[in-house]
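Just so we're on the same page: letters track the sequence lines, and every chain starts at 1.
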There are 2 protein chains.
Amino acid sequence: MKNRVGLKPITNLSLVDKVEISITEYIKSNKLEVGDTIPKEMEFAESLGVSRTVVREALTRLRTIGIIDSKKHKGMVLSQPDFIENFEKIMETNLVGDDTLKDIFELRLIMEMGMVDLLFARKTDEDIEELSKIVDDMEKGKPESHIFSLKNEVAFHGKLYEMSGNKTLHRLQNILLPVFQYVHNHKLDDAKTYMYKKKFVTHRELLNYLKEGNKEKFRKGLARHLEPHFDRVLKDVEF
Amino acid sequence: MKNRVGLKPITNLSLVDKVEISITEYIKSNKLEVGDTIPKEMEFAESLGVSRTVVREALTRLRTIGIIDSKKHKGMVLSQPDFIENFEKIMETNLVGDDTLKDIFELRLIMEMGMVDLLFARKTDEDIEELSKIVDDMEKGKPESHIFSLKNEVAFHGKLYEMSGNKTLHRLQNILLPVFQYVHNHKLDDAKTYMYKKKFVTHRELLNYLKEGNKEKFRKGLARHLEPHFDRVLKDVEF
DNA sequence: TTACATGATATGTTATACATAATACAAACT
DNA sequence: AGTTTGTATTATGTATAACATATCATGTAA
């Protein structure tokens with residue numbers, strides 16, 4: 001669209017758009033909190049001078065992003081929005097572009113490296129014990145197997161996230177992990193063999209650093225553990 | 001809900017729920033990609049044996065999470081979903097609970113500590129130069145000011161995120177920062193004074209570590225720089 | 001008091017009609 | 001020819017009315 005003097009593009013919001021804005025403004029300006037009820041569909045329709053259809057569609061949007069919850073008789077209730085839920089849906093559709101996929105792949109590396117401080121601050125003896133069992137189980141499997149075991153990875157790293165004490169982080173990771181696997185398997189063909197070219201820091205070693213309480217060793221070990229992945233994203237290969 | 005033998009929880013899905021599932025299944029099983037068109041409302045309605053209204057509501061949901069885009073004459077087109085957009089909307093409503101808020105506060109610390117490796121791998125001389133200018137400008141301000149300057153913080157740390165080369169991370173941070181500020185100002189009352197009790201690593205020092213290319217010094221410096229925040233979340237104070 | 005019946009209420013669903021915007025194509029003009 | 005302008009078509013957007021269904025509150029009988 002060309003810009004000509006004196007001709008501003010008219011904002012072409014649909015009725016539903018306007019109603020959606022009105023309702024969110026209503027929520028914000030009245031400082032409503034989770035659990036509060038908002039007017040019923042017909043009341044909104046009358047107050048705003050639009051049909052119930054339009055109000056319903058606007059409410060559907062708000063319901064979709066999770067900020068309201070509707071019950072048959074009760075009406076609409078403000079609810080605790082859960083941004084991870086939609087994130088999950090989006091991921092399932094396989095519509096996310098490769099560039100974003102790469103970003104997310106990196107995000108996992110970032111989060112895992114970044115949570116080390118919280119991990120050390122919050123780990124308990126019970127956590128360590130549980131993690132020990134996980135590593136024990138891992139080593140009971142075929143010791144020479146070069147097969148990249150998803151289950152073991154999830155168990156070990158998932159536990160780390162749990163130990164960080166940040167539930168949102170943990171849930172985020174649970175969604176990101178499949179993405180991570182997908183990229184690993186489909187986009188980075190030679191990753192499996194590549195993984196074992198270098199000397200690799202094992203889960204056992206990481207566990208030991210954690211036991212010792214040596215944060216810096218753990219951090220460096222984790223970096224080495226993830227190094228194949230880091231190398232891949234940093235090579236800037238076609239993705 | 002407890003699990004008892006022979007008693008499966010009855011799936012009480014609404015019609016719209018089912019239709020939504022049908023449509024997403026349709027997209028997935030046909031391996032449709034961004035830009036592909038999907039059947040029109042009436043076609044879905046006829047094929048699924050439901051009213052157009054129900055189809056519309058299901059489509060509204062998909063439109064809301066951003067996986068389809070509808071044009072008046074053209075019909076529905078699959079589009080690149082943008083999960084950050086909804087995240088933004090949710091944050092604006094101020095409905096997120098304190099526990100999640102705290103998680104997000106931590107998430108910022110996690111991401112910033114975790115991106116150091118990518119930062120050092122991808123920083124360019126131009127980046128360093130730009131960052132230098134930012135620090136110069138910061139120091140031109142009142143040098144003794146204890147006022148926590150949002151603008152400066154955004155400029156400096158935002159630049160770091162940009163340098164990491166991960167656009168998704170950068171966008172995420174742009175949304176998280178207000179949250180971070182909000183928590184900092186409203187939930188952690190004594191944070192401002194607390195911030196200066198300890199010896200503090202300045203932006204200038206961080207910049208120098210970055211210039212030297214000393215990753216470990218930078219990492220430790222950044223940890224010190226963020227230490228007041230870390231201390232706060234680790235104290236487990238009432239939030 | 002408990003259990004059941006009943007009605008009121010608000011969302012869920014259907015059906016129909018019309019409004020609006022985008023497209024394609026024909027008609028008109030230079 | 002090539003460009004603009006009108007017009008029919010089409011699919012989404014909006015309005016209205018009616019009925020279905022689940023839930024709550026009240027009242028009534030055991």
Side-chain angles (χ1 to χ4, degrees), chain A residues 1-2 4 7-24 26-27 30 32 34-79 81, chain B residues 1 9-24 26-27 30 32 34-79 81:
Chain A
M1 197 186 328
K2 274 190 183 175
R4 292 190 183 78
L7 280 181
K8 281 182 283 188
I10 53 176
T11 55
N12 200 6
L13 292 175
S14 74
L15 254 183
V16 178
D17 290 330
K18 292 178 197 162
V19 171
E20 186 193 351
I21 293 171
S22 293
I23 295 178
T24 51
Y26 171 86
I27 294 172
N30 288 47
L32 299 183
V34 174
D36 291 345
T37 56
I38 60 176
K40 10 190 191 275
E41 294 177 349
M42 275 314 292
E43 290 175 354
F44 271 126
E46 281 167 22
S47 304
L48 298 171
V50 294
S51 76
R52 193 180 151 214
T53 313
V54 173
V55 174
R56 270 189 73 79
E57 186 159 333
L59 289 172
T60 295
R61 293 187 186 173
L62 300 184
R63 214 174 5 233
T64 302
I65 62 177
I67 70 176
I68 65 172
D69 201 22
S70 57
K71 297 271 174 181
K72 276 270 164 88
H73 180 79
K74 278 195 123 173
M76 304 283 184
V77 185
L78 289 187
S79 69
Chain B
M1 199 183 327
I10 51 173
T11 54
N12 202 7
L13 293 173
S14 73
L15 253 184
V16 178
D17 289 329
K18 293 178 197 163
V19 171
E20 186 193 352
I21 292 171
S22 293
I23 296 179
T24 50
Y26 171 87
I27 294 172
N30 287 48
L32 299 183
V34 174
D36 291 346
T37 56
I38 61 177
K40 13 193 193 273
E41 294 177 349
M42 274 314 291
E43 290 174 353
F44 271 126
E46 283 168 20
S47 304
L48 298 171
V50 295
S51 76
R52 193 183 148 212
T53 312
V54 173
V55 174
R56 269 189 73 79
E57 188 159 332
L59 289 172
T60 296
R61 293 189 186 173
L62 300 184
R63 216 177 1 239
T64 303
I65 62 177
I67 71 177
I68 63 171
D69 202 20
S70 59
K71 296 271 173 178
K72 276 270 163 97
H73 181 78
K74 275 194 129 176
M76 303 282 186
V77 185
L78 290 187
S79 68

Suppose we screen for salt bridge (Lys or Arg N to Asp or Glu O under 4.0 Å). Which residues come up paired with A:Glu43, at least two apart in sequence or across chains?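 Scan of A:Glu43 (salt bridge (Lys or Arg N to Asp or Glu O under 4.0 Å), adjacent residues dropped) gives A:Lys40.
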How long is the line joining CE of A:Met76 and P of C:dT9, in whole Å?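 Between P of C:dT9 and CE of A:Met76: 18 Å.
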Identify, residue by residue, the members of residues 35-46 of chain A with a heavy atom below 4.0 Å from DNA chain C, and return them in order of residue number, or none.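 Per residue number, the list reads A:Lys40, A:Glu41.
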Closest non-hydrogen atom pair between [X] and [Y], with its separation:
X: B:Ile67; Y: B:Pro81; result: CG2-CB, 3.8 Å
X: B:Val19; Y: B:Val55; result: CG1-CA, 4.2 Å
X: A:Met76; Y: A:Ser70; result: SD-CB, 3.3 Å
X: A:Val16; Y: A:Ala58; result: CG1-N, 3.8 Å

If a pair satisfies ring-ring contact (aromatic ring centres under 6.0 Å, His included) and one of its residues is in residues 39-64 of chain A, list it, with sequence neighbours excluded.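 Checked against ring-ring contact (aromatic ring centres under 6.0 Å, His included) - neighbours excluded - the pairs reaching residues 39-64 of chain A are A:Tyr26-A:Phe44.
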Go through the structure and list residues passing side-chain contact (heavy atoms from CB on, under 4.5 Å) with A:Leu15, not counting sequence neighbours.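 Listed in chain order: A:Val50, A:Val54.
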Among all residues two or more places apart in sequence or in another chain, which pass the side-chain contact (heavy atoms from CB on, under 4.5 Å) test with A:Thr60?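 A:Thr60 satisfies side-chain contact (heavy atoms from CB on, under 4.5 Å) with A:Arg63, A:Thr64, B:Glu57, B:Thr60, B:Arg61 only.
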Dump every N/O contact between nucleotides 14-18 of chain D and the protein below 3.5 Å, one line per pair.
unit_1, atom_1, unit_2, atom_2, d
D:dT14, OP1, A:Leu15, N, 2.8
D:dA15, OP2, A:Ser51, N, 3.2
D:dA15, OP2, A:Ser51, OG, 2.9
D:dA15, N7, A:Thr53, OG1, 3.3
D:dT16, O4, A:Thr53, OG1, 3.4

Below 4.0 angstrom from OP1 or OP2 of C:dA10, is there any side-chain N or O of A:Ser70?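 Result: no.
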